[in-house]
Amino acid sequence: MVVYYQIAGKKVGSHVLSIATLSTIFVGAWAATGSSKPKTAAGPPIAASSSEEGDFIQNFLKEADGGDKKAASGH
């Protein structure tokens, strides 16, 4: 059984109102949480006195991050 409501001078069925309400909620939630660009952590800038020192720091940080991933996976 469908109940009809008078909205803006037109008869609108209860099923149409429920579909419109659910669609609005889901589209709103998707739009609020969706992001096309992944967020990356760049970190603070490295203030090195030479390019060798900067390369050493970058390699150390990569190894440290890789070591955490290996320890977390249990391998």
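If you're wondering where the values come from, they're calculated on a predicted model, not measured in any experiment.
Applying the side-chain hydrogen bond (donor to acceptor under 3.5 Å, both in side chains) test to residues at least two apart or on different chains, none of the pairs has a partner in residues 3-18.
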Report, one line per pair, each donor and acceptor closer than 3.5 Å where one atom sits in a side chain of residues 49-58; sequence neighbours left out.
residue	atom	partner	partner atom	Å
S49	OG	E53	OE1	2.7
S50	OG	E53	N	3.2
E53	OE1	S49	N	3.0

Could you give the side-chain donor-acceptor pairs of residues 21-28 under 3.5 Å, partners two or more places apart or in another chain?
residue	atom	partner	partner atom	Å
T21	OG1	L17	O	2.8
S23	OG	I19	O	2.8
T24	OG1	A20	O	2.8

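The hydrophobic cluster analysis finds M1 isolated: no Ile, Leu, Val, Met, Phe, Trp or Tyr side chain comes under 4.5 Å of it, directly or through other members.
One hydrophobic cluster, built from ILVMFWY side chains closer than 4.5 Å, holds both V16 and I7.
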